[in-house]
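I have placed the structure first, in the form of structure tokens, so that the comments after it can refer back to it.
The analysis underlying the following values was restricted to heavy atoms, covering all of them including side chains, and did not include hydrogens, waters or symmetry mates. The sequence lines fix the lettering, A, B, ..., with proteins before strands; numbering per chain opens at 1.
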There are 2 protein chains.
Amino acid sequence: MIKCTKCQQIEFVQKSGIVRGKQRYFCKSCNYHFTLPEPHNPPDNKRHHQVTIMDIAGQLGISKSTVSRALRGHTDIHAGTRKIILDLAQQLEYQPNPLANALLKSRTNIIGILVPEFRHYFFPTIIMGAQEILSKAGYNVMICQSDESYETEVANVKALMSSRVDGLLVSVTAQTNNFDHFRTVLRKEVPLVFFNRVCPELDTPQVIVDDYNGAFQAVEHLIEQGYRRIAHLAGPVSLLVSRLRMQGYLDALQKHGFPVENELIIHYDLSEEKARIYANYLLSLSQPPDAIFAINDPTAIEIMLVAKSRGIKIPQELGIVGFSNDPISAIIEPSLTTVEQPVWEMGRQAARLLLEQMESPHNVTHTLDTKLIIRNSSVNLRS
Amino acid sequence: MIKCTKCQQIEFVQKSGIVRGKQRYFCKSCNYHFTLPEPHNPPDNKRHHQVTIMDIAGQLGISKSTVSRALRGHTDIHAGTRKIILDLAQQLEYQPNPLANALLKSRTNIIGILVPEFRHYFFPTIIMGAQEILSKAGYNVMICQSDESYETEVANVKALMSSRVDGLLVSVTAQTNNFDHFRTVLRKEVPLVFFNRVCPELDTPQVIVDDYNGAFQAVEHLIEQGYRRIAHLAGPVSLLVSRLRMQGYLDALQKHGFPVENELIIHYDLSEEKARIYANYLLSLSQPPDAIFAINDPTAIEIMLVAKSRGIKIPQELGIVGFSNDPISAIIEPSLTTVEQPVWEMGRQAARLLLEQMESPHNVTHTLDTKLIIRNSSVNLRS
DNA sequence: CTGTTAGCGCTTTCAA
DNA sequence: TTGAAAGCGCTAACAG
């Protein structure tokens with residue numbers, strides 16, 4: 001004896017075929033087709049079945065739609081019903097399955113972050129800044145590091161895209177000359193923000209610091225300290241950041257009427273090994289430099305170590321300035337003069353910019369200020 | 001003329017209204033409502049509709065199962081069909097949607113890594129080691145850092161669990177005394193491996209190094225160098241790693257007949273600030289130590305900086321030994337004697353252990369070797 | 001060898 | 001206010 005779920009009558013109900021293995025009924029009184037609500041039995045084979053809205057609906061004898069609505073906080077739901085649902089959900093430790101949602105909405109709430117390395121202070125700190133903002137906004141973060149390898153970068157972008165990240169925060173490798181993998185990202189309309197090592201030819205939003213002025217001030221400082229033969233151990237030409245710092249270096253020389261000597265300018269791939277090789281090379285020149293401006297602090301520190309091992313006195317015989325204000329630069333002896341950049345803030349800005357992008361795409365470049373921090377590695381005692 | 005999709009008869013089918021713009025039919029013979037299966041047209045409103053197996057199936061006029069099978073590389077499929085499918089997939093740049101798969105299989109192919117910080121060398125390096133193994137095994141990595149805060153750790157575990165990670169690699173904070181959040185993880189049968197800062201009371205697999213012997217050798221080395229009042233700036237008692245290094249310290253003292261002086265032993269929370277405070281405290285004692293064994297390199301370096309600022313000569317007036325062989329320890333002056341541990345390898349081992357767990361749960365502890373690296377901060381010139 | 005179908009967990013129409 | 005059902009993209013059991 002089946003009771004119509006609509007009019008609650010029994011006598012007019014007849015079977016009306018089987019759909020999806022479920023017996024369907026038809027009430028001739030109210031012309032209503034229906035199936036009997038089945039209690040949802042959590043499968044016994046899955047040992048730790050995650051609680052689903054169906055479990056809640058089953059126990060309460062209501063439909064999963066209602067549960068969903070209650071959980072989502074929809075307004076058009078009976079207050080009592082909502083309370084019962086919410087209570088049971090709490091009691092059952094219900095946790096919504098983000099995968100189902102992700103599939104439905106094509107949104108994963110995951111942001112991919114891709115950096116060349118995180119051995120040094122710089123990128124980990126940026127990541128922490130970004131994470132601060134992103135997790136507040138409800139996003140998780142998937143971090144990849146390309147290890148300064150173009151191939152790894154391409155593979156990582158692919159992996160992140162295949163994980164369907166909702167956005168991408170990227171700093172490219174020193175090798176990266178081809179940007180097709182990022183074009184693919186843009187083509188699929190995944191928001192993309194570059195920071196530090198950006199990609200100017202791609203017309204995407206980016207966060208950088210005022211590299212040019214930072215470099216300019218650093219080199220001018222060396223000149224003011226009386227150094228006369230200032231070399232620059234630069235990053236690869238492919239990176240805008242290298243080119244900007246280089247330009248700052250060149251313009252500072254020019255402003256003070258110093259000649260540009262090509263043998264004093266070296267572009268390198270930012271590897272520790274090469275830093276050492278080129279530092280040695282510079283210091284072995286027949287007319288070696290009396291100061292070196294390094295593209296960043298790790299480079300500057302390698303130079304210091306090489307100089308020390310050759311018995312060259314810093315800052316008396318060799319002035320050194322780095323870039324970024326890595327904590328080591330305050331610890332090493334002599335302490336390293338460097339250009340401070342707001343690293344943590346850069347991560348935050350990049351994250352904020354990405355969130356904005358996801359709201360409404362628009363192209364901006366945020367440029368943060370830098371500040372010269374004068375320490376002992378560049379204070380020429382002769383002057 | 002419409003054929004019933006159920007009984008295949010034509011004569012009993014009549015229109016039964018329109019639902020969602022689709023013509024519905026009703027077969028009076030078998031009492032079956034149905035709509036005509038429509039060919040899958042990729043929606044035009046979604047600008048960048050991701051290519052699905054349905055697109056491929058539609059274009060080829062075959063079923064999506066066949067496409068799925070071809071793509072999965074099943075054997076029981078016509079070679080010609082496979083080729084056509086594979087070719088079209090390539091041409092369309094088909095990328096499988098991992099979300100659908102994840103939902104189906106309840107596997108995300110994401111591993112969560114939770115560390116207390118990644119400012120220093122240690123944890124980033126471990127992470128790189130782990131990533132090396134995990135990405136080879138086809139896993140992505142979601143990294144969280146608890147910033148040495150218990151609350152953040154709990155929140156992170158919750159976030160990672162709600163992201164349905166397939167496994168968890170964890171090093172706890174210095175504050176963590178309550179392990180209920182990890183019990184929840186175990187209850188849900190998510191594989192969990194601890195490394196470095198482990199949780200002995202939880203009966204999970206773990207990767208650690210031989211902290212006891214490392215510490216023992218470090219302190220014995222100080223004794224052999226002629227230091228007589230050796231302090232220990234230790235980590236929090238809550239961490240096994242602190243207790244083991246402490247025990248190594250105590251046993252080395254005992255072996256050589258040195259008294260244990262409680263005022264020379266300080267447990268602290270591993271924050272930079274406190275390191276400075278306690279270093280100052282130790283060096284201001286009426287009978288200050290003539291050597292300090294620090295729980296790790298960052299701590300040792302803080303001590304060195306404090307000592308230097310007080311004009312205390314290292315190693316002549318104060319011997320210092322750290323733990324971990326952070327690259328800074330080779331750079332700072334004097335260079336820091338430290339206990340090397342295979343950090344990268346630790347990450348790899350932890351990852352491998354996790355992968356094993358996911359195959360077949362079993363409880364193991366991997367203990368890696370340590371090695372004392374003698375540098376200048378502990379070579380007592382008086383002896 | 002291939003097609004049909006159910007279902008992973010959820011939201012969202014549409015219908016009632 | 002609630003329920004039914006479609007559908008996100010995919011795999012796999014089952015049937016032919």
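- Atom CG in L99(B) sits about 13 Å away from atom P in dT11(D), given to the nearest Å.
- Between R72(A) atom CZ and dT12(C) atom P there is a gap of 8 Å when expressed in whole angstrom units.
- In this structure, L88(B) and Q59(B) have side chains that are in contact, with non-hydrogen atoms separated by less than 4.5 Å.
- Distance CG (D76(A)) to C1' (dT2(D)): 9 Å, rounded to an integer number of Å.
- A donor atom on one side chain and an acceptor atom on the other are not found under 3.5 Å apart for S68(B) and S65(B).
- Using a distance-only test at 3.5 Å, with no hydrogens or angles considered, a donor-acceptor pair links the side chain of N363(B) to the main chain of D203(B).
- Dashed line: the shortest gap from a side-chain N or O of R69(B) to OP1 or OP2 of dA12(D) is not under 4.0 Å.
- Heavy atoms of I53(B) sit under 4.0 angstrom from at least one base atom.
- For T52(B) and dC8(D), the shortest distance from a side-chain N or O to OP1 or OP2 is not below 4.0 Å.
- Residues I62(B) and T66(A) each lie close to DNA chain C; by heavy-atom proximity, the contact nearer the 5' end of the strand is made by I62(B).
- Between M54(B) atom CE and dT4(C) atom P there is a gap of 10 Å when expressed in whole angstrom units.
- Residue order along DNA chain D, read from the 5' end via each residue's closest nucleotide, puts H78(A) first among K64(A) and H78(A).
- In this structure the side chain of L202(A) reaches within 4.5 angstrom of the side chain of F194(A), judged on heavy atoms.
- As a whole-Å value, the separation of R164(A) CZ from dC8(D) C1' is 12 Å.
- Residue-environment remark: CD (E132(A)) exceeds the threshold of 12 foreign heavy atoms within 6.0 Å.
- Checking dC10(C), dT11(C), dC8(C) against every side-chain atom of L103(B), the shortest atom distance belongs to dC8(C).
- Nearer the 5' end of DNA chain C, as judged by each residue's closest nucleotide, is the contact made by K105(B), out of S68(A) and K105(B).
- Among the atoms of the strands shown, only primed sugar atoms or phosphate atoms (P, OP1, OP2) are found under 4.0 Å from some heavy atom of I77(B).
- If you take CG of L71(A) and P of dG9(C), they are 15 Å apart, rounded to a whole angstrom.
- Between dA12(D) and S65(B), no contact under 4.0 Å exists linking OP1 or OP2 to a side-chain N or O.
- Put simply, N101(B) has no side-chain N or O that comes within less than 4.0 Å of OP1 or OP2 on dG9(D).
- The distance from atom CD1 of I85(B) to atom P of dC10(D) is 13 Å, rounded to the nearest whole Å.
- Rounded to whole angstrom, the span from the CG atom of L104(A) across to the C1' atom of dC10(D) amounts to 14 Å.
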